[in-house]
Amino acid sequence: MNIQKEFILRCVEEGKRADGRGLEDFRKVEIEHNPIENAEGSARVKIGETDVIVGVKLGTGEPFPDKPDDGVLIVTAELSPIASPKFEPGPPREGAIELARVVDRGIRESGSIDTKKLCITPKEKVWCVFVDVQIINHGGNLIDAYSLAALTALMNTKMPEYDGEKIDYSKKTKPFPLKDKPIAVTVCKLGNSLVVDPSLEEEEHIEARLTVTTKENGNVAALQKGGGPLSLEEIEKAIALSVKKGKELRSLL
Amino acid sequence: MNIQKEFILRCVEEGKRADGRGLEDFRKVEIEHNPIENAEGSARVKIGETDVIVGVKLGTGEPFPDKPDDGVLIVTAELSPIASPKFEPGPPREGAIELARVVDRGIRESGSIDTKKLCITPKEKVWCVFVDVQIINHGGNLIDAYSLAALTALMNTKMPEYDGEKIDYSKKTKPFPLKDKPIAVTVCKLGNSLVVDPSLEEEEHIEARLTVTTKENGNVAALQKGGGPLSLEEIEKAIALSVKKGKELRSLL
Amino acid sequence: MNIQKEFILRCVEEGKRADGRGLEDFRKVEIEHNPIENAEGSARVKIGETDVIVGVKLGTGEPFPDKPDDGVLIVTAELSPIASPKFEPGPPREGAIELARVVDRGIRESGSIDTKKLCITPKEKVWCVFVDVQIINHGGNLIDAYSLAALTALMNTKMPEYDGEKIDYSKKTKPFPLKDKPIAVTVCKLGNSLVVDPSLEEEEHIEARLTVTTKENGNVAALQKGGGPLSLEEIEKAIALSVKKGKELRSLL
Amino acid sequence: MKREDGRAVDEYRPLEIKVGIIPNANGSAMVKMGKTVAIAGVYGPVEFLPKHKQLSDRAVLRCIYTMAPFSTEDRVRPGPSRRSTEISMVTANALSPVVFLEEFPTSVINVFINIIQANAGTRTAGINAASVALADAGIPMRDLVASIAAGKIGDEYVLDLAGKEEEATKADIPIAYSPRAKQITLLQMDGDLPPADVKKVIELNIKACEKIYETQKTALKERWKK
Amino acid sequence: MKREDGRAVDEYRPLEIKVGIIPNANGSAMVKMGKTVAIAGVYGPVEFLPKHKQLSDRAVLRCIYTMAPFSTEDRVRPGPSRRSTEISMVTANALSPVVFLEEFPTSVINVFINIIQANAGTRTAGINAASVALADAGIPMRDLVASIAAGKIGDEYVLDLAGKEEEATKADIPIAYSPRAKQITLLQMDGDLPPADVKKVIELNIKACEKIYETQKTALKERWKK
Amino acid sequence: MKREDGRAVDEYRPLEIKVGIIPNANGSAMVKMGKTVAIAGVYGPVEFLPKHKQLSDRAVLRCIYTMAPFSTEDRVRPGPSRRSTEISMVTANALSPVVFLEEFPTSVINVFINIIQANAGTRTAGINAASVALADAGIPMRDLVASIAAGKIGDEYVLDLAGKEEEATKADIPIAYSPRAKQITLLQMDGDLPPADVKKVIELNIKACEKIYETQKTALKERWKK
């Protein structure tokens, strides 16, 4: 372990990564559209060896009392043990909960969904938007992979028809009211450097991470620091780097 | 343990059982009708040292959306630790779940219950039929004992009166809409032989078991293999044996 | 531990307590009214080092089918690990459950709440009265502390306004329908003596305890024995002592 | 006073005790008290696991009280409730004083009580069954524990309330009692009574416990004859 | 008989098997059977913890079957259900006979099966994937296990029911089969059929399993070529 | 800009810190920030059980954040939620960097934070209380951690949002800060702000943290005087 850590850190000091990438380079990003027919929208995203599928399902339910004419967004995450020897079966623990909540806030706070358009009958019935993920392989940087797959799945989503009583999932026609394209980029402090898209091995040795979700106009919609401390200067740099990489990722959509 | 196993297997090779029975003999079967006054129907079944009570309770609830005019059947099982040193307190685990699901499928798939007659108001209110078991002593062959007790309890069930608002459990008059009498018989492979009604000691040494639920007309309504592999020939023999023993058990009702 | 126990018991034999009190003396009792603005009524009670806050919240819900025009009382307790190294995180276990149920019965059986006045629409909507406790420090005698704080919080409670649709928590005006002032006093058998208000150290060495909840008219509304056995004579003495101390505590309100 | 079922005020319902009804258990019993039916099974003493729960100087008597889903008019949802957890706890307190727990350090004695049919008095029926089941298991005991409840209706002290009497009573007081030591090992009460009445009701209970105790002993003797 | 999707009665849906799709796993596979998609990942053998669950003479093959929330029309709530618990159990029974578990005493081999998209036949697709994943993990095996279901519609025995055929069938019989030993390792049935028909349907399944078995072996060879 | 409660834009609500409020705890504190009240209790370091969770080279700082059921207008259901689990985690991250965890390998330090009354800023109040409670427990620390949140309303950067300001803000950014190391140990944000504004808001927070830090130190000195 110490040898691996030393190697990873020495590479970074010299301005490159253990796998030959530059500090600000993502691994290869692949996006597959709508692999899941039973979902209203779906996407499979691979970033290097990380491999996730996100499906969006629509159901109906009651609105929250304080938001009687807004649809409801529910983002979940399970760290399925199929994807890593470190994930254990059982109900979601803090790692899974943070993953879901960071992706949730990125979508919610960016105002990406026009929730008013998901209202069916005020106070009584609204659309519930479920965003769920199946992690196939955990190769590092799950937050960015899930966020990108969630956004793509929402872009691919079509609303099923609803006659006031039953949803007809065989007819999906109307577009989903998506208003923005928020992208999460997680910047990691590795040694004294800032890098993006950590591999699984790098993730074990980072000092801190900062996930920055940016909107199309360059504004920041959500921040989440994980791990150890960061200075204000490091935070500034990380945000700037996230904005830049966010634009690059958005151009893939 | 090895001595016990050897003895059990040697007996079977010689065409009899450790307790003197023939390979195709059940232990003594005793049926007590309606031991539980608070249930709408109940039965206590003893097969050798195995001792179970099944109670049927009726309540009202909403139908499933895809079956708006069918009553709902709920079969549960708990392996109460009172009945065996091997049962542990806590929520049902796979053994209890399989027990409940095999009994459930036997009743459900045989079409034994005329669920349409359990509809009160289509889409809104139907009868819910709860079949629950209290195992008093586990002496082997729980599936057959529970199945037989469940059928008997359903045969004993009378519907309570319902005025559209409240159930009056003090007046139980109308018969329960039972259409068939499905019997589950579990055939076990012990050594190279097929036997029925395993004792607790035999159950520990079986290679495989096959539960066959048969209807009055001799048709098979449900199958469930447990344990190890079986050949097609063994399966054929087991089904034929189950049909035969099923008729015998049905004649006790 | 043995030395502590011996000291505690020797003191009691000599008619006083390890901390200098008499056998029938409470530690200093302090009551703070309405420390929690967000509650409809609240109280903080300190008895020696024991420190609890009780808050009463009002919500609306369906009545129980067998009491269609009665409000619903829900008393809970958690043994928050912040209050003692012996309390563990997680769902309430038997200690917490007994605490909640004894306090609940004291309020309920004394008829302290006029539940009919908590009915909004019979069969459909009633007030739900939640009584919850935050234990800040467990210094012994939690049952009496929680009971006293619960009663005080209920006395401090004002009903929020309700327009048939929404509760307006900013307007709390109408008095809460409290009819009696039940006080719980727990008498402990320590060696061969009966004492009240055990300290944390004393509690570890008691033989038995009897909680007696008395009404304003001196009647007993609830009893709960804990720990070991008591003779009828001891029970009689304990009840008489509880009635006496209950009056003293009630005079503090 | 006329009672629903014709009993005298100090008369309990027909009591039946059968010992040894669960072959797998080390000890077991069924108690019928009118229409209430409880079974109890005792397993142990065995080593208490996980180890950190063991007591170094005595056994733990662990009681688990449950109701069969079909035991009441409204089906009981499986799984523990606040009520069943509390009854399990007071049951353990009711039985522990008469068991020589100090003979089995680091062990657990498991007492499972299942209510098969409920019609008032399930906790007391369960304790009566468990007490006999412990003796049937051959666990060394100082005494048996007998248990019953009583209340007050109008001006009368009334034993073993059942049916609509439960609604009419001013209080319901269950006790458990060890006759040899003359000790009360369970005492609870819900209601509204002056202290003097509480004493009278407990005394009524104690008298009944002494009779139940005899039936318990007879049932055990029957068992040992076989 | 004309089938919805034009297949012959003894024809299963297009089958695709990919091996080695989960880099982190010791072995893995994806199986597509028509629109049903299952992935399986194998981790182990590793020491089974907690220790008291270990078997001294062999490994435990632990299977956990789950459905992705978006895999069906009506979203699946995360967490185990009675159905998924039972499928996990029969899957372990279906696979255990072909694995040399006795070579790894006190160990556990974890087999995770996730259904990505469901359109009939998820348990059989899962077993097909898991069988290949075990081989991909290099775990010593006597044989592979192949799995499929069949039923009867009208007078015809029909393989691999899908879509509305599931409602029309008189019975649904899934099996798992080890071709080398000619042994059936999973057998379940829901429905209503005379015993003779049950046999015919199982025979139809066995024939199909023999073909699926070839596809499994081919997929593994492809993998080992790389 | 005029604020609801008359404060300046860079002014936080009245802050009160009491140390040593829980006699049973090794260290404790209560923090009031306006109407928000948090208490924190520290227990440990003690051996971390079960053993397999121990870290061989340092202690685990375990934080558990909970809200009293009566702390908010709508009663909080007891038990952990996704929100409380996440706050517990980021709180542990916020405090760990200043504690010499390496001095207590294989141990756990338990930090319990209970919100008694909630009116914006419960996570930051909880961190302020926990930081002081750790020091009160005599646990060796590099520094204290101070915590607060800020946002932007209209064109103004506004500190310590409360009441209806939370709805009016374009973003809510809580931080935790270790003044001696000039390090940010917690940073989250919900909202919509250009990067330059994010920096301004963080700077506003840092200035406030330096003042809160002084109040924390004063409160600890008061405690030690006694």
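Note that the structure is a prediction, hence the values are computed from the model and not measured.
Atom SG of C/Cys119 and atom NZ of C/Lys67 lie 13.5 Å apart (nearest 0.5 Å). For the atom pair OG (C/Ser231) and CD (D/Gln183), the distance works out to 6.0 Å, reported to the nearest 0.5 Å. Rounding to the nearest 0.5 angstrom, the gap separating the NZ atom in C/Lys86 from the CG atom in C/Leu200 is 6.0 Å.
Most heavy-atom pairs under 4.5 Å with chain D: of the set C/Ser110, C/Gly227, C/Gly228, C/Gly218, this distinction falls to C/Gly227. In terms of non-hydrogen atom pairs under 4.5 Å with chain D, the most contact-rich of C/Val212, C/Val220, C/Leu210, C/Ile97 is C/Val220. No other option in D/Val90, D/Leu193, D/Thr85 has as many heavy-atom pairs under 4.5 Å with chain C as D/Leu193. No other option in C/Val243, C/Thr211, C/Thr213, C/Ile235 has as many heavy-atom pairs under 4.5 Å with chain D as C/Ile235.
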(request) Begin with the C-alpha distance, continue with both residues' side-chain angles, and end with the deciding distance and a verdict on side-chain hydrogen bond (donor to acceptor under 3.5 Å, both in side chains) for C/Thr115 and C/Asp70. (result) CA-CA 5 Å; C/Thr115 49; C/Asp70 284 83; 2.5 Å; yes

(request) Carefully, step by step, assess D/Lys217 and D/Glu214 under the rule salt bridge (charged side-chain N to carboxylate O under 4.0 Å, His left out). (result) CA-CA 5 Å; D/Lys217 287 194 289 188; D/Glu214 295 305 320; 3.5 Å; yes

(message) Applying side-chain hydrogen bond (donor to acceptor under 3.5 Å, both in side chains) to D/Ser178 and D/Asp143, what does each step give before you reach the verdict?
(response) CA-CA 6 Å; D/Ser178 159; D/Asp143 197 6; 2.8 Å; yes

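Against chain C, the residues from residues 91-121 of chain D that qualify, each with a non-hydrogen atom under 4.5 angstrom away, are D/Asn93, D/Pro97 in number order. For residues 41-77 of chain D, heavy-atom neighbours of chain C at less than 4.5 Å comprise no residues at all. Listed in order of number, the residues of residues 151-177 of chain D that approach chain C to under 4.5 Å between heavy atoms amount to none.
Judged purely by atom type and a 3.5 angstrom limit, C/Thr157 uses its side chain to pair as donor or acceptor with the backbone of C/Ala153. Within the 3.5 Å criterion, the main-chain N or O of C/Gly22 finds a donor-acceptor partner in the side chain of C/Asp25. At distances below 3.5 Å, at least one donor-acceptor pair connects side-chain atoms of C/Asp144 with backbone N or O atoms of C/Thr186. At least one donor-acceptor pair closer than 3.5 Å links the side chain of C/Glu203 to the backbone N or O of C/Asn141. A distance-only check finds a donor-acceptor pair linking the side chain of C/Ser199 to the backbone of C/Glu202 [under 3.5 Å]. Judged purely by atom type and a 3.5 angstrom limit, C/Lys245 has no side-chain atom pairing as donor or acceptor with the backbone of C/Val185.
With a threshold of 4.5 angstrom between heavy atoms, D/Leu186 approaches chain C through N, CA, C or O but not through any side-chain atom. Within the 4.5 angstrom heavy-atom criterion, atoms from both the backbone and the side chain of C/Leu232 approach chain D.
C/Lys237 NZ: 12 or fewer foreign heavy atoms inside a 6.0 Å radius. Surrounding CG of C/Asn217 are more than 12 heavy atoms belonging to other residues, nucleotides or ligands, all under 6.0 Å away. Within 6.0 Å of CZ in C/Arg10 there are 12 or fewer heavy atoms belonging to other residues, nucleotides or ligands.
For the salt bridge (Lys or Arg N to Asp or Glu O under 4.0 Å) condition, the pairs that include at least one residue of residues 91-112 of chain C, sequence neighbours left out, are C/Glu88-C/Arg93, C/Glu98-C/Arg209, C/Arg101-D/Glu86, C/Asp104-C/Arg108, C/Arg105-D/Glu86, C/Arg105-D/Asp190.
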